[in-house]
Amino acid sequence: MGKALCLAVMTTKPQRSLPPSAPKTTALPPHPIAVRLLAFYDAHQRALPWRATDDRPANPYHVWLSEIMLQQTTVAAVKPYYEKFLLLFPTVGALAQADPQEVMRAWAGLGYYSRARNLHACAQQVVRAYQGQFPDHYEGLKALPGIGDYTAAAILSIAFGKRALVIDGNVERVVTRLYRVETELPRAKGEIRAHLDVITPEKRCGDFAQSMMDLGATLCTPRKPACSLCPLHQDCLSAHQADAETFPRKAPKKERPRRLGQAIVVLRDDGSLLMRTRPPKGLLGGMSEVPNSDWTPEPAAFVAQDLLPFKATWQRCPDPVRHVFTHFELHLEIYVAKIPARHKAPDGMRFVALEALAEEALPSVMQKVVNAGLVALGVRVQTPIKDTKTKSASIKKSAGQ
DNA sequence: GAGCCGTGGGC
DNA sequence: TGCCCAAGGCT
């Protein structure tokens, strides 16, 4: 009985350590959905710089780099960063040897900065533990920093051609629509995995995964899906019911709280700006910023002068800088001042020449703050990293102070 | 499991 | 304008 019980447990319990792939033992023909999807892919796949071509086989470093960048990030946003990283760091070895700050600087503006920290740490582990060759098995990949279930499965299938269940937001949307999965996310993940396991082919699994994502990005979109053009129309239960757009089911979102704070833009007469570096972890970890207050739900007493060991005359920018993070919305009041060139930076801060601002790892919110402050100070600068669409960014020199 | 973690584009 | 979302991972 012990043996039978043990077998029963083993067969009913899903493999915890190996979720994404379950190599099938029998050689079944591909599911009709896979056949149609691969044909769609052959005819309509998007040309993306990290994808393999006829004369360029899949490169695990390229696949890994692109997958990390694409986490919660649009293809359009990733493209220029991907090209820049390949120029700066052509190989995983080059990336591993790079200065961490250089990596953060190159990532600035892309968001979710723990990805950049993990990217660098991962490159170093691949070099140290695997001689610069990415492992081609799930456990090895999953143990690397920044690689979770999705990314491990994506690398396995796209870079190494191994069968894996690649489940991202696109796949969740496509599958819940195909089968009209009524369970709400994230509880539906098990059902989605089971359905995907049925249709995932043994061959061309990397192409299959990418075809699912292409379908989700181009036709099976979150809003207004183009069901009439879909290669899976005949297979799709929600298309038949004409309610594809209502999938996947999700719990209503919580409201986004607002936080308030103040920041100072201090320009020294030699043309340099007072800056500091944020703590290594947490929000905007390891990134550069101008001095600023705590961000609190209620307005807090704030005296800009308290941040400086010398006197200055302050001017408050008319409009606060507004920036929306994932889980809160921030309003920053900006105070600006000019000070004589003889002053040194307070402890933990530094002065950075305006010309060297492009070499700082400035997150977008701080780019906005700097832009607004410089405009108020009457300094005209071409935004170094990118125009953050601050309306003030294009305003001409205000009446000089 | 739920909260934390950025940013920009589209409607 | 405000809200939704995008090839998620970590704690």
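The sequence lines fix the lettering, A, B, ..., with proteins before strands; numbering per chain opens at 1.
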Could you state the atom-to-atom distance from CG of A/D168 to P of C/dG9 in whole Å? 10 Å

With a cut-off of less than 4.0 Å, is there a side-chain N or O of A/T151 near OP1 or OP2 of C/dG9? yes

At under 4.0 Å between heavy atoms, what does A/K224 touch on the DNA or RNA strands: base, sugar-phosphate, or nothing? nothing

Would you indicate what A/K254 reaches in the nucleic acid, counting non-hydrogen atoms under 4.0 angstrom: base, sugar-phosphate, or nothing? sugar-phosphate

Under 4.0 Å between a side-chain N or O of A/K281 and OP1 or OP2 of B/dC4? no

Whole angstrom is fine here: how far is it from CG in A/L196 over to P in C/dA7? 15 Å

For a quick check of understanding: with a heavy-atom distance under 4.0 Å over all strands, which category does A/L284 fall into, base, sugar-phosphate or nothing? sugar-phosphate

Considering only residues two or more places apart or on different chains, which pairs with a residue in residues 141-184 of chain A satisfy ring pair (Phe, Tyr, Trp, His ring centres under 6.0 Å)? A/Y179-A/H195

Check whether any side-chain nitrogen or oxygen of A/R173 sits under 4.0 Å from OP1 or OP2 of C/dA6, and answer yes or no. yes

Any donor-acceptor pair, under 3.5 Å, between the side chain of A/R115 and the base of C/dA7, if you only look at N and O atoms? no

It should be established whether A/H327 places a side-chain nitrogen or oxygen under 4.0 Å from OP1 or OP2 of nucleotide B/dG3. no

With the side chain counted from C-beta on, respond yes when A/W64 and A/C122 share a heavy-atom pair under 4.5 Å apart, and no when they do not. yes

Determine the Euclidean distance between corresponding P atoms of C/dC4 and B/dG3; express it in Å to zero decimal places. 16 Å

Mapping A/R187 and A/Y113 to their closest nucleotides on DNA chain B, which lands nearer the 5' end? A/R187

Value in whole Å for how far the P atom of C/dA6 lies from CG of A/L110: 17 Å

